[in-house]
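Whatever order the structure lists ligands and atoms in, that order sets their numbers, starting from 1. One-based numbering along the sequence shown. As the structure is a prediction and not an experimental result, all values here were calculated from the model.
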Amino acid sequence: MLEDTTEGILPFIHSGSGTKIVITTHHKPDADALGSSLALYHYLTKLGKDVSVVTPTDYPSNLHWMPGNDIVINFEQNVDRAVELARAADIIFCLDFNDLSRINQFGHIVKESAAKKIMIDHHREPSGFDDYRFWTIETSSTCELIYDFIIKNDGEELIDADMASCIYAGMVADTGSFRFSSTSSHTLRVAAKLMDLGIDSAKIHALMLDNFSLSRYRLMGYVLYKKLHIIPELKTALVYLTQEELMRFNIQTGDTEGFVNFGLGIRGIVFSALIIDRTVMVKMSFRSQGSFPCNEFASEHFNGGGHLNAAGGSSTDTLENAVAKFKKVLPQYKEQLLNSDAE
Ligand code: 5GP
Ligand code: MN
């Protein structure tokens, strides 16, 4: 069910020009986060608004092709400008996240800003910082929600090929190229509409998925050969990586994207975890097949959350201790792991 409380703010969005709007999204944005932000940027710019996009951090270079990439302000690299924009904003759109902790230090600035906060998101359990929301957990990507938001407000006329490309990229990413169970008939109808609007689907897939560094593939080989630990009695796969390993392979933002899925490709595996020492914190990604709830596992032990089959969390402990904790708590889920209805 879509929870849409944006009616009250729509007249303000449509009236007058020059309204100052900031769009932000979660740290280390993926294609859904960046694609939804840039699609909304193009739309609001067409409505005559003064729009900026602020990301809390950098993001992978295989997203730099997105139309509008040049205008994005990285908070970490340009704190003063980001703060100035957030303070002066009339509206701050918060896309693809629902808790201010997901935007790091920028969260404090957004919270203190007098701007109205509009959340457009598809994650469980919003923390409630927003003034208006366009929210559901039943849509596969925030990009799909942005399409619905624009269609509802202004129809299809305002959607051009640039906007369509940004939206399509996020849909491809969050549905695993339209294969995850979150892919609905509506998702495919939206994708078809975007094709009619002039996107080059094959090119977008190639820009996103055939556009990685050699370092990533070297690390991938190493991970598959040496670091993919299987715990067969719990149907679990685990990969963990140290700082030293990331440095040895000269790993950049985005290079480990998708590594958490390796484990799930193995017959009989129900739960897969990727634990990485990112120095500021230990970051974890979880994926599952069937009914095993990654989000519950993440929130119960690793200060995180997400969706049933894809979630994440973090720890301020050492990598060694975080991995030890993972192995210690995992057997508590034995029954759920063995009775997950995965094939
Ligand atoms: P990923 O593993 O791709 O980083 O994240 C998978 C899913 O889990 C995403 O939907 C993301 O929003 C969610 N997620 C990842 N890390 C965290 C976290 O630290 N806290 C929460 N609440 N959700 C997370
Ligand atoms: Mn998303």
Side-chain angles (χ1 to χ4, degrees), residues 24-40 55-57 59-60 63 94-104 107 119-129 134-149 166-176 180-183 187 208 237-241 253-264 271-276 278 280-288 292-317 322 326:
T24 190
T25 189
H26 61 77
H27 69 94
K28 296 288 175 188
D30 53 15
D32 188 35
L34 190 69
S36 56
S37 299
L38 289 176
L40 186 66
T55 58
T57 64
Y59 46 86
L63 302 181
C94 298
L95 304 190
D96 203 35
F97 71 94
N98 62 30
D99 184 324
L100 291 176
S101 66
R102 298 277 291 145
I103 59 173
N104 301 354
M119 178 186 83
I120 303 182
D121 178 57
H122 67 137
H123 295 95
R124 276 168 198 277
E125 295 169 12
S127 65
F129 70 85
F134 196 78
W135 174 82
T136 175
I137 58 163
E138 286 160 16
T139 297
S140 59
S141 62
T142 298
C143 278
E144 191 177 321
L145 281 176
I146 288 289
Y147 177 88
D148 292 340
F149 183 71
C166 294
I167 293 171
Y168 190 76
M171 292 175 68
V172 165
D174 270 28
T175 61
F180 298 154
S181 57
S182 55
T183 308
T187 309
M208 289 169 62
L238 166 65
V239 171
Y240 56 90
L241 291 168
T253 296
D255 280 347
T256 56
E257 183 89 41
F259 280 24
V260 67
N261 293 313
F262 297 156
L264 279 194
F271 183 42
S272 176
L274 174 69
I275 307 182
I276 300 184
R278 300 233 179 253
V280 280
M281 62 176 151
V282 174
K283 190 78 191 97
M284 333 202 158
S285 283
F286 303 118
R287 298 290 186 275
S288 69
F292 185 76
C294 289
N295 45 5
E296 277 175 33
F297 184 86
S299 66
E300 279 166 20
H301 305 289
F302 295 108
N303 201 26
H307 313 273
L308 183 79
N309 296 126
S314 60
S315 165
T316 49
D317 212 334
F326 177 85

For the Mn ion (ligand 2): the N/O/S atom of D96 at shortest distance: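 It is OD1, the N, O or S atom of D96 closest to the Mn ion (ligand 2).
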Check against side-chain contact (heavy atoms from CB on, under 4.5 Å), D174 and T142: CA-CA 9 Å; D174 270 28; T142 298; 5.7 Å; no
With rounding to the nearest 0.5 angstrom, report the CG to CD distance, N295 to E300.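 Interatomic distance, N295 CG to E300 CD, rounded to 0.5 Å: 9.5 Å.
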At what distance, to the nearest 0.5 angstrom, does CD1 of I137 lie from NE2 of H123?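 Separation between the atoms: 11.0 Å.
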With under 30° as parallel and over 60° as perpendicular, where do the rings of F134 and F149 fit, or are they tilted in between?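 F134 vs F149 ring planes: perpendicular.
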Give the protein residues with at least one non-hydrogen atom closer than 4.0 Å to an atom of ligand 1, ordered by chain and number.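 Within the 4.0 Å shell of ligand 1, which is judged on heavy atoms, sit R102, H123, K283, S285, R287, G304, G305, G306, H307, A310, A311, G312, G313.
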What angle sits at the Mn ion (ligand 2) between OD2 of D32 and NE2 of H122, to 10°?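 With the Mn ion (ligand 2) as the vertex, NE2 (H122) and OD2 (D32) sit 100° apart.
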The Mn ion (ligand 2) contact by D174, N, O or S atom under 2.8 Å: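 Yes.
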Show your working on side chain to side chain donor-acceptor pair (under 3.5 Å) between D317 and S315 and close with a plain yes or no. CA-CA 5 Å; D317 212 334; S315 165; 5.1 Å; no
Test side-chain contact (heavy atoms from CB on, under 4.5 Å) on F286 and F292; report intermediate values, then the result. CA-CA 11 Å; F286 303 118; F292 185 76; over 6 Å; no
Centroid-centroid distance, F297 to F271, less than 6.0 Å: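 Yes: the rings meet the under 6.0 Å criterion.
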